[in-house]
K.L.:
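Below: one structure in structure tokens.
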Amino acid sequence: MARRLRFNGTGSAGGGCPSVHEDLDTGEVVVHGPPLTDPDDIAQLRHLSPGESAVVVPREVLLDFGPKNRTPRIIGLDDFGRLFETFEHTAWRLETRGRYGSDELTDTWRQFVQGEPVQWDYDDNWSGNVRTQTAQGKRFERVRVVDSPPTTGQLYLLDNARRNCAVGEDIRNLWRAEADRLHLPAEDFWIFDSRFVALLNFDGDDLIDVELITEPAAVNRYAQARDAAWHHAVPYTEFAAGLPAAE
């Protein structure tokens, strides 16, 4: 079975080598770079077995992109909520789940699953804050990953995007197969100002707490995922128009 490798980063501005990848299952690190070819250099290496190759990697590449053990910094949901009022420029989210328990406790969920027109509240606390922040030039952006066929929860959020975009968000969608091809993380997270990540931790379908990630190399990996997802995702209106009609 092929490894599940995540690209951590490269020291090459042109996107080449040397580069560092991490095995998501074993934690092993894969490094590739220019081979060491000088016989006098190779003669100094210890324990170089037949079939093995030595590569040259700048120290800073390993320091910047090698996996690091960290103690998770967990915050509660109230502190998490305040991040949406205090960020400076951008709040960007990847949503990867098929359902969210909190959605299913709402009147709008009941209306949706019963086939009624959903009466979205355009003046709730979330909508009011989005208007306030975007009026200052800040951006709220999301990419929502969708299964084929979409789950009920994903179709509900596709309908919800009408409200969220009307108050100032930019929401786009991406098929799960495309997300897998791009090796996007199977995680839900927000990136604030490209400086720190809020990784959402779930118990089943319920959000329980949030891990703040500030290590630059780790934030960079999430930013790379953001850039790839945003490039390939399509606006929710275009995505919805392309769905097969309900039978």
Side-chain angles (χ1 to χ4, degrees), residues 1-37 41-42 45-74 92-99 143-148 151 154 172-191 194 196-205 210-233:
M1 180 180 296
R3 293 175 181 261
R4 294 192 308 129
L5 296 178
R6 177 180 67 194
F7 173 65
N8 282 5
T10 177
S12 169
C17 62
S19 296
V20 177
H21 292 74
E22 182 179 355
D23 189 312
L24 296 177
D25 298 313
T26 68
E28 293 175 316
V29 178
V30 178
V31 179
H32 64 86
L36 190 69
T37 58
D41 293 338
I42 294 175
L45 299 179
R46 298 186 181 185
H47 310 297
L48 186 67
S49 300
E52 293 182 341
S53 299
V55 299
V56 180
V57 181
R59 178 183 296 271
E60 59 269 20
V61 171
L62 296 180
L63 293 175
D64 290 342
F65 302 113
K68 299 175 179 63
N69 294 324
R70 66 176 188 269
T71 301
R73 178 186 173 190
I74 302 297
W92 189 95
R93 179 172 179 180
L94 181 67
E95 298 182 19
T96 66
R97 302 173 65 85
R99 60 184 294 194
V143 168
R144 287 171 168 161
V145 176
V146 180
D147 292 297
S148 181
T151 67
Q154 291 164 348
R172 305 182 186 186
N173 291 88
L174 189 68
W175 288 112
R176 174 97 46 202
E178 182 72 349
D180 291 343
R181 185 186 70 81
L182 296 171
H183 302 291
L184 298 184
E187 299 172 317
D188 275 38
F189 61 89
W190 285 90
I191 302 180
S194 297
F196 63 93
V197 172
L199 181 63
L200 279 56
N201 295 322
F202 290 85
D203 182 4
D205 298 310
V210 175
E211 179 185 351
L212 283 187
I213 300 173
T214 58
E215 177 196 335
V219 173
N220 179 60
R221 289 195 293 269
Y222 285 101
Q224 291 175 13
R226 173 198 61 196
D227 291 349
W230 196 246
H231 178 75
H232 290 276

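When a residue number appears, it is its place in the shown sequence, counting from 1. Keep in mind that what you see is a predicted model, and the values were worked out from it rather than measured.
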K.L.:
Can you name the residues that form a salt bridge (charged side-chain N to carboxylate O under 4.0 Å, His left out) with D227, not counting sequence neighbours?
P.N.:
none
K.L.:
Quick one: which residue pairs count as a salt bridge (charged side-chain N to carboxylate O under 4.0 Å, His left out) with a foot in residues 27-36, not counting sequence neighbours?
P.N.:
R3-E28
K.L.:
Count the heavy atoms of every other residue, nucleotide or ligand shown that sit under 6.0 Å from CZ of R73, and state whether that count exceeds 12.
P.N.:
no
K.L.:
For A186, which residues count as a side chain to side chain contact (heavy atoms under 4.5 Å, CB included) partner, sequence neighbours excluded?
P.N.:
none
K.L.:
Could I get the full list of side chain to side chain contact (heavy atoms under 4.5 Å, CB included) partners for A179, not counting sequence neighbours?
P.N.:
V145, L174, L184
K.L.:
Taking C-beta and beyond as the side chain, do H231 and L182 meet within less than 4.5 Å on heavy atoms?
P.N.:
no
K.L.:
Could you tell me which residues satisfy side chain to side chain contact (heavy atoms under 4.5 Å, CB included) with P216, sequence neighbours excluded, listed by chain and number?
P.N.:
none
K.L.:
What residues, two or more places apart in sequence or in another chain, satisfy side-chain hydrogen bond (donor to acceptor under 3.5 Å, both in side chains) together with H232?
P.N.:
E178
K.L.:
Nearest heavy-atom pair of V146 and N173: which atoms, and what distance?
P.N.:
CG2-ND2, 3.5 Å
K.L.:
Can you name the side chain to side chain contact (heavy atoms under 4.5 Å, CB included) partners of V30, sequence neighbours left out?
P.N.:
L5, H21
K.L.:
Which residue is it: R93, E211, E187? I am looking for the one with a side chain to side chain contact (heavy atoms under 4.5 Å, CB included) to L200.
P.N.:
R93
K.L.:
Which heavy atom of T96 sits nearest a heavy atom of P185, and at what distance?
P.N.:
CG2-O, 3.8 Å
K.L.:
Verify, without hydrogens or angle tests, whether D188 (side chain) and E95 (backbone) share a donor-acceptor contact under 3.5 angstrom.
P.N.:
no
K.L.:
So, using side-chain hydrogen bond (donor to acceptor under 3.5 Å, both in side chains) as the criterion, who are the partners of D147 when residues are at least two apart?
P.N.:
Q154, R176
K.L.:
Test of understanding: with side-chain hydrogen bond (donor to acceptor under 3.5 Å, both in side chains), list the residues that count as partners of S194, not counting sequence neighbours.
P.N.:
R226
K.L.:
Only one of Y222, F196, F202 clears ring pair (Phe, Tyr, Trp, His ring centres under 6.0 Å) with F189; which?
P.N.:
Y222
K.L.:
I'd like to check the side-chain hydrogen bond (donor to acceptor under 3.5 Å, both in side chains) partners of Q224; sequence neighbours left out, ordered by chain and number.
P.N.:
none
